[in-house]
Amino acid sequence: KMASLGQLTAGIAHEIKNPLTPIQLSAERIRRKFGRVITEDKAIFEQCTDTIVRQVDDIRRMVDEFSRFARMPKPVMEGEDVADTVRQAVFLMRVGHPDIDIEAEIKDEPLRAQFDRRLISQALTNIIKNATEAIEAVPAETLGKGRIDVIAARDNDDIVIDVIDNGIGLPKVSRARLLEPYVTTREKGTGLGLAIVGRVLEDHGGRIELNDAGDIRPGSRGAWMRLRFAISGHAPKPEAKEQAPETKQPASGTVEPADATNNETKIEAATGN
Ligand SMILES: Nc1ncnc2c1ncn2[C@@H]1O[C@H](COP(=O)(O)OP(=O)(O)OP(=O)(O)O)[C@@H](O)[C@H]1O
Ligand SMILES: [Mg+2]
């Protein structure tokens with residue numbers, strides 16, 4: 001379903017972009033050719049041609065950003081160590097944020113699984129980056145010390161990576177919406193971070209779960225993000241599910257990845273990531 005959505009989006013993006021260049025060139029040409037000779041309402045003439053050029057540019061940037069998301073690379077699954085991947089991502093984020101205590105805790109070692117190391121690292125980095133931004137949003141007098149715990153463990157046939165921060169906590173909007181592309185509460189955010197994480201985990205037979213830090217550590221402030229993916233690198237076949245005797249209870253506040261199509265989604269200007 002997601003692959004066909006991606007192809008569809010790429011196709012639409014292409015068709016939208018095609019006429020943009022002639023529109024823009026025409027507006028620029030009109031401005032150059034007639035700008036000098038127009039005497040009446042010159043300001044309006046300039047304002048209108050400027051608007052066309054600028055808005056067309058915005059559309060192009062937005063479509064580029066969207067198709068970049070739609071064309072997410074297909075994961076290349078390889079046998080790798082999750083522990084090592086987690087430690088490396090944590091190390092890199094620590095270098096960039098020396099003021100925050102970022103700790104990795106590996107519950108089971110080794111933690112071997114089939115996954116695309118580059119994509120899972122990218123997903124984890126997006127989550128830790130969000131955590132650092134949530135911590136930076138806490139007023140200095142109430143923060144104490146910023147702290148992010150990254151805990152990796154096995155959970156039956158899944159790998160689970162918990163990221164718990166003491167930042168401002170998730171905003172009071174529906175959590176499914178936060179996973180949609182272009183939904184952001186941050187001034188400079190593109191809102192693609194969580195959408196990419198959701199897509200990557202889905203491609204690994206998993207999902208992302210958004211919770212409050214207080215759910216796992218009563219009374220504490222912040223968010224608790226749970227990244228889950230299958231050790232096998234793909235979702236279990238339907239018949240394999242029936243053989244498994246235990247039914248897993250999803251954590252409270254669990255949400256399924258949202259469908260990427262929603263025309264109510266707030267569209268933010270792309271700032272690049
Ligand atoms: N750890 C967190 N604590 C509090 N809020 C969070 C956390 N992680 C995500 N959010 C909320 O979810 C929103 C969407 O996150 P997402 O990563 O998709 O986009 P972004 O961080 O705003 O932009 P970008 O990832 O492009 O920089 C954020 O704007 C923020 O409101
Ligand atoms: Mg983000």
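Counting starts at 1 for both ligands and their atoms, in listed order.
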Determine the interplanar angle of the H204 and F229 rings, folded into 0 to 90°, and report it as parallel if under 30°, tilted if 30 to 60°, perpendicular if over 60°. perpendicular

Ligand-side contact atoms (ligand 1) for residue partner G169, heavy atom cut-off under 4.0 Å: 4 (C), 5 (N)

Heteroatom test (N, O or S) for N126 near the Mg ion (ligand 2), limit 2.8 Å: no

Report yes or no: do W224 and D162 form a side-chain donor-acceptor pair below 3.5 Å? yes

For A134, the ligand 1 atoms with a heavy-atom partner under 4.0 Å come out as 2 (C), 3 (N), 4 (C)

May I ask you to list the atoms of ligand 1 that are less than 4.0 angstrom from any heavy atom of L178? 12 (O), 13 (C)

Using a plain distance cutoff, I'd like to know if G191 has any nitrogen or oxygen under 3.5 Å from a nitrogen or oxygen of ligand 1. yes

Per-atom contacts of ligand 1 with P171, taking only distances under 4.0 Å to non-hydrogen atoms: 5 (N), 11 (C), 31 (O)

Hydrophobic cluster (4.5 angstrom, side-chain heavy atoms) - remaining members for L92: F91, V95

Do Q88 and R117 have side-chain atoms, one donor and one acceptor, less than 3.5 Å apart? yes

Residue A223 vicinity, atoms of ligand 1 by number, heavy atom under 4.0 Å: 1 (N), 2 (C), 3 (N)

Pick from D212, L179, L210, T185: the one approaching atom 28 (C) of ligand 1 most closely through a non-hydrogen atom: T185

Distance-only N or O hit between ligand 1 and L194, under 3.5 Å: yes

Can you check whether V86 reaches I106 side chain to side chain, under 4.5 Å on heavy atoms? yes

Would you call D81 and R112 a salt bridge, using N to O less than 4.0 angstrom? no

Please determine whether side chain to side chain donor-acceptor pair (under 3.5 Å) holds for the pair R29 and Q24, giving the CA-CA distance in whole Å, both sets of side-chain angles, and the decisive distance to 0.1 Å. CA-CA 9 Å; R29 184 143 179 238; Q24 200 163 30; over 6 Å; no

Can you figure out which of I196, V173, V183, T190 has its heavy atom closest to atom 26 (O) of ligand 1? T190

Should you measure from each heavy atom of L192, which atoms of ligand 1 turn up under 4.0 Å away? 26 (O)

When clusters are formed from ILVMFWY side-chain contacts under 4.5 Å, directly or step by step, what else is grouped with F45? I30, F34, V37, I38

Does the N or O separation between K188 and ligand 1 drop below 3.5 Å for any pair? no

